[in-house]
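Counting from 1, the numbers follow the sequence of the chain as shown.
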Amino acid sequence: MTYPSPRPPAARPWPSRWRASAPRRQTLSRLAAALTLLTVAATAAPPPPAANRTIVINTRAAATPFPHFWERMFGSGHALLAMRASYLRDLATVHHATGFRYVRFHGIFDRRMGVFRLNRQGQPVYNFSNVDHVYDGLLARGVRPYVELSFMPPALASTPARMPFFYRPYISPPKNWNQWAGLIRAFARHLIHRYGLGEVAQWYFEVWNEPNIGFWAGQPRQATYFHLYDVTARALKSVSPLLRVGGPATAQAAWVPAFLSHCARHHVPVDFVSTHVYGNDPPKSVLGIPGPVPRKDMVALAVAKVHRQVAASPYPHLPIIFSEYNASYMNQPRVTDSAYMGPWLANTIRRCAGKVKIMSYWAFSDVFEEQGVTKTPFYGGFCIIAEDHIPKAAFNDFVLLHQLGDRRLPVASHSALATRWAKGGYAVAVWNYAPVGGVGPVKQVTLRFAGLGRGYRAFVQLVDRRHGDPRPLWIRMGRPRFLSHRQVRQLRRAARLGPPQALPLGPGDTVRLTLPPEALALVKLTR
């Protein structure tokens, strides 16, 4: 990408994906797995000095619920793309790997969706044919819509203001607020007619996207967005009080206290609070501090901030949904296309657990057109599946983390998540985080399972630069922009996650691992 403007620290002028796209800001060993009777080794060459760690997991400690909040929802490219076979193929693959329940995208009311026009008498005419195609395709694959109510149909736009995305959505307030409310009511009635209230009541309806930055042209932004929210929420609830509506869907974890105060003061319905954050968002905008804040800390700190704000609000028990998050708002191949994502993601999950209902990773598929048609397989796209249905390392990271249990065990480590399953058995994620670039020491880690009963065996899977990461092979190929079928097959093979390696536990119920920088390992104990 070629637009060198990191967003200013106080007010990011462009939206989250815009933050990394064409007009976004410019994007800035060898491992041998050796199994012995007691050891799984993953050793980079040449190895830096090793850091030795012992992590004790008390298998009899009191456990706490551990819902898989990080894999309940994914973001994606805009609505029209959901009718593509490649989009649906990627969606089915990610659903099979994670069981995710919801998908969120922009633009259900965009021009090419054909939802709204005015006839010669100036009366609204609705057409939900493309909406039906989109939602039918999702539901047939076991995924529900998380409905982002955006953007403005051209016939309703009060100004020609548009986002400079490839698909050029209109972002102005409506020129006729009654017609906007009528569209929302007609949309909700149609969904209930087609799918049934019992189904649609399980969806979420989120009003707009990132109104505090370039996605909303109303002025002043906050006041006009609050009016948009009021009209939209009331229109939805007039159709059925069972429909769930929320906002403010802001960038940089902004506006939450003001939004909830507004809803309470004016008795506006709100069923959840939503917002966004990225690992390299400016600390001043997100946290009100000059910074710097390391990439590995930003998302967790923003989640903790919003958790505190909601607890202190008139709605202290309101569900919190981070409907976008990622390690970068920019196109940075060394971040989102690389093995870096495993430790970053695992650490973010570790720190956000218990503070949020859903976190939606932006996004699942590089069938994605904000900055135009995809020009090369590994360009730093946000998604976990690259062009040509090539899984990235991040896809395999989600596969590993999906295997964590549903109860969390306490562990005195910043580099491990220990869990157990209600049905029996244990799963531990352990990682070696390194700053972008993978510079850091090799970790030699011993996991000791205290209080473990007899008959358990350990199984280990690993993602790092040599396991489950196709990008290094693509680099060795010479970074081809357009792939032959043979190259696609080779990259898909390189992306395959190796099968679990089985080994008996060592003396003292221990497993030893040697992890290079950027490695994420999952250790499972089963009988």
Side-chain angles (χ1 to χ4, degrees), residues 78-80 105-135 145-163 165 167-195 197 200 203-212 214-249 259 262-263 266-271:
H78 62 106
L80 195 70
F105 42 71
H106 306 321
I108 198 66
F109 297 151
D110 275 355
R111 178 181 61 85
R112 292 179 64 192
M113 291 297 292
V115 167
F116 179 94
R117 66 179 178 87
L118 297 173
N119 64 17
R120 291 181 180 179
Q121 291 73 43
Q123 297 168 328
V125 178
Y126 308 116
N127 184 345
F128 298 116
S129 295
N130 277 344
V131 170
D132 295 344
H133 288 310
V134 167
Y135 290 163
Y146 177 102
V147 183
E148 178 196 302
L149 295 165
S150 72
F151 289 105
M152 195 57 59
L156 256 182
S158 59
T159 76
R162 301 170 80 173
M163 269 300 297
F165 280 171
Y167 57 96
R168 302 283 291 165
Y170 286 82
I171 57 172
S172 76
K175 62 186 177 185
N176 185 317
W177 286 96
N178 289 332
Q179 288 180 347
W180 170 260
L183 169 61
I184 298 301
R185 287 192 294 270
F187 178 65
R189 290 187 186 114
H190 173 78
L191 296 178
I192 292 170
H193 170 73
R194 186 171 182 86
Y195 302 109
L197 179 59
V200 180
W203 302 7
Y204 293 89
F205 292 84
E206 181 183 57
V207 180
W208 214 255
N209 175 73
E210 298 190 344
N212 59 320
F215 278 109
W216 177 243
Q219 293 296 329
R221 278 181 175 162
Q222 188 177 90
T224 55
Y225 171 76
F226 285 177
H227 183 60
L228 175 76
Y229 181 85
D230 296 353
V231 171
T232 307
R234 287 176 172 139
L236 279 170
K237 292 292 188 177
S238 73
V239 175
S240 173
L242 298 179
L243 300 182
R244 298 188 289 193
V245 63
F259 171 73
H262 168 84
C263 291
H266 297 281
H267 308 288
V268 185
V270 59
D271 298 301

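Using a 4.5 Å heavy-atom threshold, the side chains of Asp132 and Tyr195 count as touching. Proximity of Ile171 to Arg162: side-chain heavy atoms (C-beta onward) are nowhere separated by under 4.5 Å. Contact annotation: the side chain of Asn127 never approaches that of Arg117 to less than 4.5 Å [non-hydrogen atoms, C-beta and beyond]. You'll find the side chain of Phe105 reaches within 4.5 Å of the side chain of Val134, heavy atoms only. Side-chain atoms of Tyr167 and His106, non-hydrogen and from C-beta on, do get closer than 4.5 Å to each other. At least one side-chain heavy atom of Leu191 sits less than 4.5 Å from a side-chain heavy atom of Tyr135. Looking only at side-chain heavy atoms (C-beta outward), Tyr229 and Val268 come within less than 4.5 Å of each other. Side chains of Leu156 and Gln179 form a contact here, defined as non-hydrogen atoms less than 4.5 Å apart.
Looking at every heavy atom in both residues, Ala79 comes nearest to Met113 through CB-SD, 4.1 Å. Across all their heavy atoms, Tyr225 and Val207 have their closest contact at OH-O, 2.9 Å. The nearest pair of heavy atoms linking Thr232 to Leu228 is OG1-O, 2.7 Å. Arg111 approaches Pro154 most closely through the heavy-atom pair CB-CG, 3.6 Å. Heavy atoms only, all atoms of each residue included: Pro173 and Gly218 are closest at CG-CA, 3.6 Å. Looking at every heavy atom in both residues, Pro169 comes nearest to Phe151 through CB-CD1, 3.4 Å.
Remark: aromatic rings of Phe109 and Phe187 are close, center separation under 6.0 Å. Aromatic pair Tyr204/Tyr146: centroids less than 6.0 angstrom apart. Here the two rings, on Tyr126 and His190, have centers that are 6.0 Å apart or farther.
Formation of a donor-acceptor pair under 3.5 Å by the Arg221 side chain with backbone atoms of Asn212 is found in this model.
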task: Could you walk me through whether Phe205 and Ile184 pass side chain to side chain contact (heavy atoms under 4.5 Å, CB included), step by step?
output: CA-CA 11 Å; Phe205 292 84; Ile184 298 301; over 6 Å; no
task: For the pair His78 and Phe165, evaluate side chain to side chain contact (heavy atoms under 4.5 Å, CB included) and give the outcome as yes or no after the intermediate values.
output: CA-CA 10 Å; His78 62 106; Phe165 280 171; over 6 Å; no
message: Could you walk me through whether Trp180 and Met152 satisfy the side chain to side chain contact (heavy atoms under 4.5 Å, CB included) test, starting with their C-alpha distance in whole Å, then the side-chain angles of each, then the deciding distance to 0.1 Å, before giving a yes or no?
response: CA-CA 9 Å; Trp180 170 260; Met152 195 57 59; 3.6 Å; yes
message: Let's go through Leu80 and Asp110 carefully: what are the C-alpha distance in whole Å and the side-chain angles of both, what is the deciding distance for side chain to side chain contact (heavy atoms under 4.5 Å, CB included) to 0.1 Å, and is it a yes or a no?
response: CA-CA 9 Å; Leu80 195 70; Asp110 275 355; over 6 Å; no
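Scanning for side-chain hydrogen bond (donor to acceptor under 3.5 Å, both in side chains) contacts around Asn178 gives an empty result, with sequence neighbours left out.
Summarising the geometry, atom NE2 belonging to His266 is positioned 11.5 Å from atom NE2 belonging to His227; distances are rounded to the nearest 0.5 Å. The distance from atom OG of Ser158 to atom OH of Tyr170, rounded to the nearest 0.5 Å, is 11.5 Å. Separation of atoms CZ (Arg189) and CZ (Phe128) is listed at 10.0 Å; rounding is to 0.5 Å.
Counting non-hydrogen atoms of neighbouring residues, nucleotides and ligands closer than 6.0 angstrom, the CZ atom of Arg112 reaches no more than 12 such neighbours.
For the residue pair Trp216 and Ser172, no side-chain donor N or O sits within less than 3.5 Å of a side-chain acceptor on the partner.
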Tabulate below the donor-acceptor pairs under 3.5 Å that side-chain atoms of residues 239-248 make, not counting sequence neighbours, or state none.
| unit_1 | atom_1 | unit_2 | atom_2 | d |
| --- | --- | --- | --- | --- |
| Ser240 | OG | Leu242 | N | 3.1 |
| Arg244 | NE | Trp203 | O | 3.1 |
| Arg244 | NH2 | Tyr102 | OH | 3.4 |
| Arg244 | NH2 | Gln202 | O | 2.5 |

